[in-house]
Number of protein chains: 2
Amino acid sequence: MATVSRVLNESGPVGVETRRRILEVATALRYTPDSAARSLTTRRTGTIGVLLPDLYGEFFSEVIRGIDATAQRGGYHLLVSSSHDDKGALEAAMRAMRGRVDGLVVMSPDIDAPALVANLADTTPVVLLNCDVEGTAFDALNIDNFGGASAMVRHLISLGHERIAFIAGSERNHDAAERLRGYRAVLQRAGLERRAEWERTGDFTEAGGYRAAAELLVEAVRPTAIFAANDSMAIGALSALRESGVRVPEDVVVVGFDDIPIARYMSPPLTTVHVAINELGERATRMLLQAVEEKNVQVKVQETLPTTLVIRQSCGGCGSPVSAESRCFR
Amino acid sequence: MATVSRVLNESGPVGVETRRRILEVATALRYTPDSAARSLTTRRTGTIGVLLPDLYGEFFSEVIRGIDATAQRGGYHLLVSSSHDDKGALEAAMRAMRGRVDGLVVMSPDIDAPALVANLADTTPVVLLNCDVEGTAFDALNIDNFGGASAMVRHLISLGHERIAFIAGSERNHDAAERLRGYRAVLQRAGLERRAEWERTGDFTEAGGYRAAAELLVEAVRPTAIFAANDSMAIGALSALRESGVRVPEDVVVVGFDDIPIARYMSPPLTTVHVAINELGERATRMLLQAVEEKNVQVKVQETLPTTLVIRQSCGGCGSPVSAESRCFR
DNA sequence: TTGTAGGCGTTATCAG
DNA sequence: CTGATAACGCCTACAA
């Protein structure tokens with residue numbers, strides 16, 4: 001009956017008595033509108049989709065936390081799908097989500113998601129998270145990877161380090177590439193030596209960082225500082241150094257990127273580039289919801305999430321000339 | 001057209017030429033069946049719901065990973081919802097999922113989920129994960145919390161410890177309660193002293209473990225071993241001890257529970273009770289899919305996931321009389 | 001092997 | 001203010 005619909009959705013005028021009766025019966029019968037039927041007519045699902053490359057580690061779980069919180073606040077459900085190694089898998093996942101969601105948050109640092117989205121010619125709003133995107137054709141949110149990495153290297157230099165190694169993320173990863181770019185740029189600018197052996201490639205996991213650090217230790221010329229492109233690898237590096245009896249920060253300094261929650265609990269507490277991971281998910285979701293709910297606005301926005309240096313003990317201290325944006329934490 | 005449906009679902013006979021033509025047009029038009037309309041007729045959504053208390057930390061993200069992998073393999077999507085502090089929130093979330101999912105994995109160690117599920121009188125299959133459930137009325141999967149905690153305390157005793165402290169999880173948490181029960185049972189059995197001051201209550205977070213350990217350090221009689229009810233708290237404890245200049249494992253021994261991926265990378269590597277977290281999600285999902293796909297089978301199963309001791313360095317070594325189920329890892 | 005008709009549970013439209 | 005009636009897009013049955 002149409003009136004029932006009007007009562008439950010508070011759309012249209014309904015008599016007080018009628019309304020009461022309907023509500024009574026509805027609760028008595030534990031009646032809940034069928035969401036499939038509803039979205040068949042409304043063309044809205046009340047759900048947003050989240051596409052992630054993986055779910056391993058604290059970084060992703062914090063991002064989802066932010067997304068979930070924001071979506072929930074906006075009254076949306078979350079359809080999550082992860083582990084899209086290649087383009088085909090991501091494309092399949094996107095297609096599978098079509099019709100099931102009102103919008104999509106796509107985090108895909110490894111894959112050319114923009115091309116994929118353009119290719120799909122879909123009308124569902126999409127926000128690209130940590131993607132390598134040029135121009136203004138998409139809603140996109142990125143971390144200030146270059147700025148963060150630059151600031152960290154500058155800090156290391158200010159502490160007197162001249163032999164700075166870098167453990168990069170996987171080569172195709174956009175965040176990884178930007179962080180590497182920041183590292184190289186500052187080294188070059190400072191006129192410091194850049195050795196190929198001091199640039200190892202990891203995979204953003206603890207195991208990768210462990211391996212890379214172990215390799216760095218046996219180099220003929222050992223670096224005095226190791227900058228890992230994310231905290232997980234820094235933690236792996238810490239572990240490798242410890243096993244080899246190398247003291248941190250006395251013998252070698254280790255720093256990371258992301259500031260995942262455990263970073264401050266490491267031994268020693270990890271100096272890192274702080275990213276407001278929660279906020280990353282939050283803002284992406286807010287951007288998406290805006291696009292979902294105001295379909296008329298066709299203007300896309302590109303945003304960058306700023307980063308800050310968090311100085312803890314794994315780098316040996318604040319140094320004398322602390323750069324403007326760095327702060328000292330316990 | 002019915003034939004189109006037959007082609008896309010491979011149900012019913014279709015002429016070869018017709019089939020080819022339909023497929024051709026379908027791909028040309030990028031046609032994808034509307035999932036809402038489809039589930040309206042089929043009464044199936046191809047989605048399973050996951051209800052979690054929170055998304056913080058590696059434990060949850062590993063569980064979801066396991067669930068996601070298994071669901072994906074079975075061709076199902078994942079509708080995730082978290083942060084259900086109280087009964088009302090959980091109930092609302094369950095109701096909201098009704099009709100959107102074919103089945104539900106409910107992880108709710110804090111809340112009386114069984115009562116809720118029974119109360120909802122819903123026909124959607126549900127698997128209860130880490131819930132305090134009695135009897136055989138529900139499909140349920142639990143960790144062997146009691147066994148794991150017992151084994152760990154026995155191990156500590158075998159290492160010669162007599163003053164063993166415990167950092168518990170929150171009081172209403174079922175897993176936490178079982179682990180505490182295991183700790184107490186073994187202490188009692190061994191005739192060891194049990195002091196109220198050596199039982200601190202944490203909240204399964206690093207911060208909670210940090211606080212609890214700091215409090216233990218100022219006790220008149222200081223324990224020689226600290227058993228945290230999960231790894232996050234153990235990591236927090238490690239951090240607190242380190243800050244106070246207490247060496248682990250020389251001065252005080254620290255052990256955890258869960259064996260989250262980072263545990264092995266701690267300094268020192270964390271001795272802990274291994275839980276196959278991935279498998280936890282995997283098995284729960286398999287149980288659910290079974291219930292979803294074979295509706296006839298009305299027999300519910302209750303399973304327990306076994307645990308094993310993982311001896312690393314934070315407990316000071318393997319000890320002499322290694323109990324049967326313990327293994328030594330790097 | 002193919003096309004037609006009905007219905008899934010809502011909401012939107014339109015008379016009353 | 002309320003109740004019919006027609007979509008929404010698909011699948012299942014039935015008839016051709």
Side-chain angles (χ1 to χ4, degrees), chain A residues 1-47 49 75-77 79 94-103 120-124 292-293 295, chain B residues 1-47 49 75-77 79 94-103 120-124 292-293 295:
Chain A
M1 195 176 339
T3 311
V4 176
S5 171
R6 279 190 281 259
V7 171
L8 269 54
N9 296 318
E10 311 195 14
S11 63
V14 176
V16 177
E17 169 59 14
T18 319
R19 175 190 168 75
R20 195 196 54 72
R21 235 178 42 237
I22 289 181
L23 245 35
E24 187 183 30
V25 176
T27 51
L29 262 48
R30 280 205 175 86
Y31 170 80
T32 316
D34 183 287
S35 49
R38 179 183 298 210
S39 46
L40 186 58
T41 51
T42 49
R43 310 273 60 191
R44 315 197 68 259
T45 62
T47 304
Y76 284 82
H77 289 264
L79 201 57
M94 290 188 62
R95 216 198 315 281
M97 289 235 167
R98 207 209 300 205
R100 302 178 163 278
V101 298
D102 296 336
L120 232 55
D122 207 326
T123 57
T124 30
V292 165
E293 288 165 4
K295 299 224 178 213
Chain B
M1 197 178 334
T3 310
V4 176
S5 170
R6 279 189 280 260
V7 170
L8 269 54
N9 297 319
E10 311 196 16
S11 63
V14 176
V16 177
E17 169 58 14
T18 319
R19 174 190 170 73
R20 194 197 55 70
R21 234 178 42 237
I22 288 181
L23 246 35
E24 189 182 29
V25 175
T27 51
L29 262 50
R30 281 206 174 86
Y31 170 81
T32 317
D34 182 286
S35 49
R38 172 179 289 183
S39 45
L40 188 58
T41 51
T42 53
R43 309 274 60 190
R44 315 196 69 261
T45 62
T47 304
Y76 284 81
H77 290 265
L79 202 55
M94 291 189 63
R95 215 199 317 281
M97 289 235 167
R98 207 209 298 207
R100 302 177 163 278
V101 298
D102 296 336
L120 232 55
D122 207 326
T123 56
T124 29
V292 165
E293 287 166 4
K295 299 222 177 213

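Naming: A, B, ... by sequence-line order, numbering from 1 per chain.
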Q. Quantified as the angle between the terminal helix axes (five pairs each), what is the overall bend of the helix from dT1(C)-dA16(D) to dG16(C)-dC1(D) to 10 degrees?
A.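 That helix has its two terminal axes inclined by roughly 40°.
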
Atom [atom1] of [X] to atom [atom2] of [N]: distance rounded to whole Å?
X: R44(A); N: dG9(D); atom1: CZ; atom2: C1'; result: 19 Å
X: I22(A); N: dC1(D); atom1: CD1; atom2: C1'; result: 11 Å
X: R21(A); N: dG3(D); atom1: CZ; atom2: C1'; result: 13 Å

So, [X] side chain and [Y] main chain: donor-acceptor pair closer than 3.5 Å or not?
X: T47(A); Y: H77(A); result: no
X: R98(A); Y: T124(A); result: no
X: R100(B); Y: G49(B); result: no

(Q) Quick check for you: to the nearest 0.5 Å, what is the distance between R38(B) atom CZ and T32(B) atom OG1? (A)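 The distance works out to 10.0 Å.
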
Q) Can you tell me how far the OG atom of S35(A) sits from the CG atom of L40(B), to the nearest 0.5 Å? A)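 One finds 10.0 Å between OG of S35(A) and CG of L40(B).
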
Q.
Looking at T3(A), I'd like to know whether one of its side-chain N or O atoms comes within less than 4.0 Å of OP1 or OP2 on dG3(D).
A.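 Yes.
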
Q.
Are the side chains of D34(B) and R43(A) in contact, using a 4.5 Å heavy-atom criterion?
A.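 Yes, their side chains come closer than 4.5 Å.
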
Q. So do the side chains of I22(A) and R6(A) get within less than 4.5 Å of each other, counting heavy atoms only?
A.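 No; the side chains remain at least 4.5 Å from each other.
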
Q | Pair E17(B) + R20(B), salt bridge at N-O below 4.0 Å | A |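 A salt bridge links E17(B) with R20(B).
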
Mind listing the N/O atom pairs, protein and nucleotides 9-12 of chain C, below 3.5 Å?
from    : atom 1 : to     : atom 2 : distance (Å)
dT10(C) : OP1    : Y31(A) : OH     : 2.8
dT10(C) : OP1    : D34(A) : N      : 2.8
dT10(C) : OP2    : Y31(A) : OH     : 3.1
dT10(C) : O5'    : Y31(A) : OH     : 3.2
dT11(C) : OP1    : N9(A)  : ND2    : 2.8
dT11(C) : OP1    : R38(A) : NE     : 3.3
dT11(C) : OP2    : S5(A)  : OG     : 2.7
dT11(C) : O5'    : S5(A)  : OG     : 3.4
dT11(C) : O4'    : T41(A) : OG1    : 3.2

